[in-house]
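Take a look at the structure below.
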Amino acid sequence: QDQWNLQSQQLGESWNLTQQQLGENLTQRQGELGQSYRQNISGLKGGWEAQQAGFGAQARRGFQQADLMGEQMQRRGRGLMHGEQRQRIAESEVEGAYKQSFGLGKSAYERAMEGATSRYREGLGAAQLGYEQQMARGELGYGQAMESGQLALQQGMTDIYQGLEQDVFGIRE
């Protein structure tokens with residue numbers, strides 16, 4: 001009985017330590033996933049901001065070229081109306097190209113963000129599932145060890161009693 005008490009105590013301590021380690025592993029994995037996600041999001045955001053700045057710079061150059069074209073046409077004497085009309089068309093084209101580029105860039109950025117968020121959630125789910133599976137396996141192993149130890153104790157006690165009965169029977173004979 002004393003051996004079983006010591007063994008069951010050791011099994012319990014071992015299982016408690018295993019549970020603690022599994023919990024720490026899960027927490028660490030979640031932290032790693034969170035850090036990776038934040039870095040990924042930060043990179044995507046920085047890239048999108050840089051892309052927006054590039055779109056803005058391109059649009060400014062386009063508007064400057066349209067203004068310059070309008071001024072040149074007025075200086076060449078092609079008529080005020082014709083120069084202004086060509087300038088407005090060029091500005092409209094620049095604005096349309098800017099809106100299209102911005103829209104495409106924003107759409108790509110949003111898809112990338114959704115993908116990163118989806119991968120982060122999947123990673124968290126996989127980590128949680130792995131933790132739960134390890135805990136279930138550990139609980140099963142711990143339960144089986146406790147049951148087999150208890151069974152061995154009962155079997156040992158039965159063997160002792162049977163041995164005593166045989167000794168008593170032998171003495172009586």
Review point. Passes side-chain contact (heavy atoms from CB on, under 4.5 Å), Leu6 versus Asp2? Steps please.
Key: CA-CA 6 Å; Leu6 178 61; Asp2 289 343; over 6 Å; no
Practice item. May I have the step-by-step check of side-chain contact (heavy atoms from CB on, under 4.5 Å) for Gln52 and Lys106, ending in yes or no? Key: CA-CA 9 Å; Gln52 286 176 329; Lys106 184 177 180 183; over 6 Å; no
Point to revise | Salt-bridge contact Glu32-Arg29 (side-chain N to carboxylate O under 4.0 Å) | key: yes
Review point. Any sub-3.5 Å donor-acceptor pair from Ser101's side-chain atoms to Tyr98's backbone N or O?
Key: no
Review point. When rounded to the nearest 0.5 angstrom, what is the spacing between CG in Leu11 and CD in Gln144?
Key: 12.0 Å
Exercise for review: State whether the number of non-hydrogen atoms from other residues, nucleotides or ligands found under 6.0 Å of Gln100 atom CD is greater than 12.
Suggested key: no
Review point. Considering all heavy atoms of both residues, which atom of Ala127 and which atom of Leu26 are nearest to each other, and what is their separation?
Key: O-CD1, 3.6 Å
**Study point:** Test log, rule side-chain contact (heavy atoms from CB on, under 4.5 Å), inputs Tyr109 and Lys45
**Key:** CA-CA 8 Å; Tyr109 168 71; Lys45 186 176 181 181; 4.0 Å; yes
Exercise for review: With rounding to the nearest 0.5 Å, note down the distance linking CD in Gln155 to CG in Leu151.
Suggested key: 6.5 Å
Study note, to complete from the structure: The reported gap from CG in Leu33 to CZ in Arg38 (rounded to nearest 0.5 angstrom) is 10.0 Å
Review point. Given side chains that start at C-beta, do those of Tyr142 and Glu139 come closer than 4.5 Å, heavy atoms only?
Key: no
Review point. Does a side chain donor of either Gln21 or Asn25 reach within less than 3.5 Å of an acceptor in the other side chain?
Key: no
**Study point:** Donor + acceptor pair across side chains of Glu24, Gln28 (<3.5 Å)
**Key:** no
Review point. Could you go step by step and tell me if Gln154 and Gln150 meet the side-chain contact (heavy atoms from CB on, under 4.5 Å) rule?
Key: CA-CA 6 Å; Gln154 291 171 355; Gln150 189 68 33; 3.9 Å; yes
Review point. Hey, does the side chain of Thr18 reach the backbone of Ser14 with a donor-acceptor pair shorter than 3.5 angstrom?
Key: yes
Review point. Can you tell me how far CG of Leu22 sits from CD of Glu132, rounded to the nearest 0.5 angstrom?
Key: 11.5 Å
Review point. Are side-chain N/O atoms of Arg111 and Ser107 paired as donor and acceptor at under 3.5 Å?
Key: yes
Check your understanding: Side chains of Val94 and Gln58: closer than 4.5 Å at any heavy-atom pair?
Key -> no
**Study point:** 4.5 Å side-chain heavy-atom contact, Met146 and Trp4
**Key:** yes
**Study point:** Shortest non-hydrogen contact from Asn40 toward Ala116
**Key:** ND2-CB, 3.5 Å
Check your understanding: Using 30° and 60° as the class limits, which term best fits the ring planes of Trp48 and Phe55: parallel, tilted or perpendicular?
Key -> perpendicular
Review point. With no hydrogens and no angle check, do the side chains of Gln9 and Asn5 hold a donor and an acceptor under 3.5 Å apart?
Key: no
Review point. Do Gln162 and Gln166 get their side chains close enough for a donor-acceptor pair, meaning under 3.5 Å?
Key: no
Exercise for review: Answer whether the closest heavy-atom distance between the side chains of Phe102 and Gln51 falls below 4.5 Å.
Suggested key: no
**Study point:** Gap between atom CD of Glu95 and atom CD of Glu93 - 0.5 Å precision
**Key:** 11.5 Å
Check your understanding: With distance as the sole criterion, is a donor-acceptor pair present between the side chains of Tyr37 and Thr117 under 3.5 Å?
Key -> yes
Practice item. Tell me whether Met113 is reachable from Tyr120 by hopping between hydrophobic residues (I, L, V, M, F, W, Y) whose side-chain heavy atoms are closer than 4.5 Å. Key: yes
Check your understanding: Does a side-chain heavy-atom distance below 4.5 Å link Gln133 with Leu129?
Key -> yes
Point to revise | Atom pair CD/CG of Gln1 and Leu153 - distance to nearest 0.5 Å | key: 4.5 Å
